[in-house]
Amino acid sequence: MLEALLPSAVKGQPPRPPAAAGRSHILDSGCLNMSDTLTLDVIGQRVEVNGEYATVRFSGVVPPVAGLWLGVEWDNPERGKHDGSREGIVYFKCRHPTGGSFIRPNKVNFGVDFLTAVKNRYALEDGPEDYGEEQIIIIGKKPVETIGFDSVIKQQSENKLQFPSGSPVLTGTFSTLKVLVLNQTGITWAEVLQCALGWPVLEELYLDSNNIFISERPSDVLQMLKLLDLSSNPLIDENQLFLIAYLPRLEQLILSDTGISSIHFPDAGIGCKTSMFPSLQYLVVNDNRISQWSFINELNKLQSLRALSCLRNPLTEGSKEAQTTRQLIIAKIGQLKTLNKCEILPEERRGAELDYRKAFGNEWKKAGGHQDPEKNRPNEEFLAAHPRYQLLCHKYGAPEDGELKVQQPFMLKNQLLTLKIKYPNQLEQKVLEKQLPGSMAIQKVKALLSRLLKVPVSELLLSYESPKMPGREIELGNDLQSLQFYSVENGDCLLVRW
């Protein structure tokens, strides 16, 4: 009875079907062998074939070939050949058009006994474990070499769940359940909503790798949900997201590796906030197909968004200057506090917005922008591409013609900045004037000054002041960032203390 109750406790180890007297037997290897003429109630059972896992969807005859066949839906749809149909006859249905195959029963492994499964699953075999074996795993889309990681992988769960149609779900069955992980279980969105009646206070739901297609709005369920993980569900698109856009407490949405490339909030115009995702604070869209800045522009419409992770997308990967891309995202999303898990400091935001304002100043003027507020009427095309530009002009003032002629923020790597160098605590030191590239890291600036002053790098403290900000001193506190990062410009003065 224990085997029947716990069929899914083991990763990839399918449950054992009920025995039929005189028609099956257990081999020494633990596999259940079935003859070609055997007929068992195996629909829904999990099976393994040459290391690949599947679910039985059909058992019977497939003319014109004689004998019994099993129709299986593979976990990996690339393993199959069809959608469960043959010569116009539908024998079973698959979620993926190439997810199905017909296989003879004697080619299928229906599992092992419970004790063997536990030993295999949790590595309970006698003898010491070998932690020195190297292994390549995929994290995101990048191969990573690991040592001794196989013992961790053995404890990952990928159970496939079966939800009988019409099964009753009692409201509040799991009345205190707050976190639920259903990754790689084969659950559908309809089944999620059906079962969600039993999770009245659920706060975190993980649905990674289920080929989820959001088909309907969760009207009376999931209303307490704060985190939803839909990673690696390649059927997700922006239209489906609108169906979950009004979950009132949803704070974190994870959409990594879904293939999403666009998003648009039709209820909000340029410079306005959307009513969708009212509580969303953290959005993850790593490993997708985002290639247009319009995607980032739309995110500025989210009223509560504070953190964004947007790694390994064409928009960010294709850029030669990762720092420039970061500055653009910061300038385009005004309320963002964290980008790719790195805090956005006030100085970085100010620098990014100033550079953005200057970088597109000429385009702004050509589109009808003007320093005189009475004549400032940029066209709709420019405002659609740069929805925050007018706000930045109001915040910092419209860019002057002189700035636009000399400032090239995206070429700072090759631009030399003429800077004065003063020593507030060492009045006897002569003021220097140096030309330094804007892309020069603070640690390299310190190394240069260390050689000039004969002072150890570890004792140097740097800051700067600008004629544009009289009376204000800005600390250059991060050695790994560049002068450009802190918006140091021609004519500014570096202050050196030790």
Quick one: do Trp364 and Tyr389 satisfy ring pair (Phe, Tyr, Trp, His ring centres under 6.0 Å)? Show the steps, please. CA-CA 8 Å; Trp364 169 71; Tyr389 196 87; 5.8 Å; yes

Verdict with reasoning, Asp75 to Arg46, per side chain to side chain contact (heavy atoms under 4.5 Å, CB included): CA-CA 10 Å; Asp75 291 5; Arg46 297 283 292 150; 2.9 Å; yes

Using the rule given for side-chain hydrogen bond (donor to acceptor under 3.5 Å, both in side chains), can you reason through Ser232 versus Asp257, listing the C-alpha separation, both sets of side-chain angles and the distance that settles it, and then say yes or no? CA-CA 5 Å; Ser232 302; Asp257 192 28; 3.2 Å; yes

What's the verdict on side chain to side chain contact (heavy atoms under 4.5 Å, CB included) for Tyr53 and Trp74, showing C-alpha distance, side-chain angles and the deciding distance? CA-CA 6 Å; Tyr53 297 97; Trp74 299 99; over 6 Å; no

Under the side-chain hydrogen bond (donor to acceptor under 3.5 Å, both in side chains) rule, what do Asn376 and Gln390 come out as? Steps first, then yes or no, please. CA-CA 9 Å; Asn376 181 27; Gln390 292 284 79; 3.3 Å; yes

Evaluation steps, ring pair (Phe, Tyr, Trp, His ring centres under 6.0 Å), between Tyr486 and Tyr464: CA-CA 9 Å; Tyr486 289 102; Tyr464 84 98; 7.4 Å; no

Just do the salt bridge (Lys or Arg N to Asp or Glu O under 4.0 Å) check on Glu298 and Lys301 with the steps written out, would you? CA-CA 6 Å; Glu298 286 296 305; Lys301 295 179 179 180; 3.0 Å; yes

Evaluate the side-chain hydrogen bond (donor to acceptor under 3.5 Å, both in side chains) criterion for residues Glu73 and Thr55: first the C-alpha distance (whole Å), next the side-chain angles of each, then the deciding distance (0.1 Å), finally the verdict. CA-CA 5 Å; Glu73 181 179 7; Thr55 304; over 6 Å; no

May I have the step-by-step check of side chain to side chain contact (heavy atoms under 4.5 Å, CB included) for Thr325 and Leu328, ending in yes or no? CA-CA 5 Å; Thr325 302; Leu328 280 170; 5.7 Å; no

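Side-chain contact between Ile260 and Leu241 is present, with heavy atoms from C-beta onward closer than 4.5 Å. Contact of the Leu462 side chain with the Leu495 side chain is not registered, since no non-hydrogen atoms from C-beta on lie closer than 4.5 Å. The shortest distance between side-chain heavy atoms of Ile244 and Trp189 falls below 4.5 Å. Using a 4.5 Å heavy-atom threshold, the side chains of Arg57 and Val72 count as separate. Considering only heavy atoms from C-beta on, Leu311 stays 4.5 Å or farther from Asp287 through its side chain. The closest side-chain heavy-atom distance from Thr98 to Asp83 is not below 4.5 Å. For the pair Val221/Pro218, a side-chain contact is recorded, criterion being any heavy-atom separation below 4.5 Å from C-beta on. The closest side-chain heavy-atom distance from Ser482 to Met440 is not below 4.5 Å.
Contact record, Phe242 with Met276: CD2-SD, 3.6 Å, taken as the closest heavy-atom pair. The two atoms that bring Pro424 and Lys422 nearest to each other are CD-O, 3.6 Å, heavy atoms only. The two residues Leu460 and Ser450 come nearest to each other via the heavy atoms CD1-N, 3.9 Å. Contact detail for Ser215 and Leu243: the closest heavy-atom pair is C-CD1, 3.9 Å. The two atoms that bring Thr274 and Gln303 nearest to each other are O-NE2, 3.0 Å, heavy atoms only. Closest approach of Ser466 and Asp492 over heavy atoms only: OG-OD1, 3.1 Å.
A donor-acceptor pair under 3.5 Å is absent between the side-chain atoms of Thr338 and the main chain of Lys341, judged by distance alone. Looking at Gln292, its side chain never comes within 3.5 Å of a backbone N or O of Phe295 through a donor-acceptor pair. A distance-only check finds a donor-acceptor pair linking the side chain of Asn210 to the backbone of Asp208 [under 3.5 Å]. No donor-acceptor pair closer than 3.5 Å links the side chain of Asn313 to the backbone N or O of Thr316. A distance-only check finds a donor-acceptor pair linking the side chain of Arg388 to the backbone of Ala331 [under 3.5 Å]. Side chain of Asn233 to main chain of Leu207: a donor-acceptor pair is present (N/O by atom type, distance under 3.5 Å, no hydrogens or angles). At least one donor-acceptor pair under 3.5 Å links the side chain of Asn288 to the backbone N or O of Thr258. Here the side chain of Ser304 pairs no donor or acceptor atom with the backbone of Gln281 at under 3.5 angstrom. Here the side chain of Lys365 pairs no donor or acceptor atom with the backbone of His370 at under 3.5 angstrom. Without hydrogens or angle criteria, Gln327 side chain to Asp355 main chain gives no donor-acceptor distance under 3.5 Å.
A salt bridge does not link Glu203 to Arg249: none of the charged side-chain nitrogens sits closer than 4.0 Å to a carboxylate oxygen. For the pair Lys446 and Asp479, the salt-bridge criterion is met [side-chain N within less than 4.0 Å of a carboxylate O]. Under the 4.0 Å criterion applied to side-chain N and carboxylate O atoms, Glu465 and Arg472 are not assigned as salt-bridge partners. For the pair Glu353 and Arg349, the salt-bridge criterion is met [side-chain N within less than 4.0 Å of a carboxylate O]. Ion pairing between a basic and an acidic side chain is recognised when a charged N comes within 4.0 Å of a carboxylate O; Glu433 and Lys420 show no such pairing. The pair Glu347-Arg350 does not count as a salt bridge, with every side-chain nitrogen at least 4.0 angstrom from each carboxylate oxygen. Between Asp267 and Lys273, no side-chain nitrogen of the basic residue sits less than 4.0 Å from a carboxylate oxygen of the acidic one, so the salt-bridge criterion is not met. Look at Arg306 and Glu251 and you find no salt bridge, because none of the NZ, NE, NH1 or NH2 atoms lies under 4.0 Å from a carboxylate O. One finds a salt bridge joining Glu473 and Arg497 here, because a Lys/Arg side-chain nitrogen approaches an Asp/Glu carboxylate oxygen to under 4.0 Å.
By the 30° and 60° cut-offs, the orientation of the rings of Phe265 relative to Phe277 is perpendicular. Ring geometry for Phe360 against His386 counts as tilted: the plane angle lies between 30° and 60°, on a 0 to 90° scale.
Annotation: Arg79, atom CZ; neighbour count of heavy atoms from other residues, nucleotides and ligands within 6.0 Å is above 12. At most 12 non-hydrogen atoms from other residues, nucleotides or ligands lie less than 6.0 angstrom from CG of Asp220. Around the CD atom of Gln335, the shell of radius 6.0 Å holds more than 12 heavy atoms that belong to other residues, nucleotides or ligands. Annotation: Glu78, atom CD; neighbour count of heavy atoms from other residues, nucleotides and ligands within 6.0 Å does not exceed 12.
Between the CG atom of Leu225 and the CG atom of Leu205 there is a distance of 6.0 Å, given to the nearest 0.5 Å. To the nearest 0.5 Å, atom NE2 of residue His264 and atom OG of residue Ser294 are 10.0 Å apart. Rounding to the nearest 0.5 Å gives a distance of 7.0 Å between CG of Asn340 and SG of Cys342. Taking NZ from Lys444 and CG from Leu436, the interatomic distance works out to 12.0 Å, rounded to the nearest 0.5 Å. Rounding to the nearest 0.5 Å gives a distance of 10.5 Å between CG of Leu432 and CG of Leu494.
Side-chain contact annotation: Ser309 with Asn286, donor-acceptor N/O pair under 3.5 Å present.
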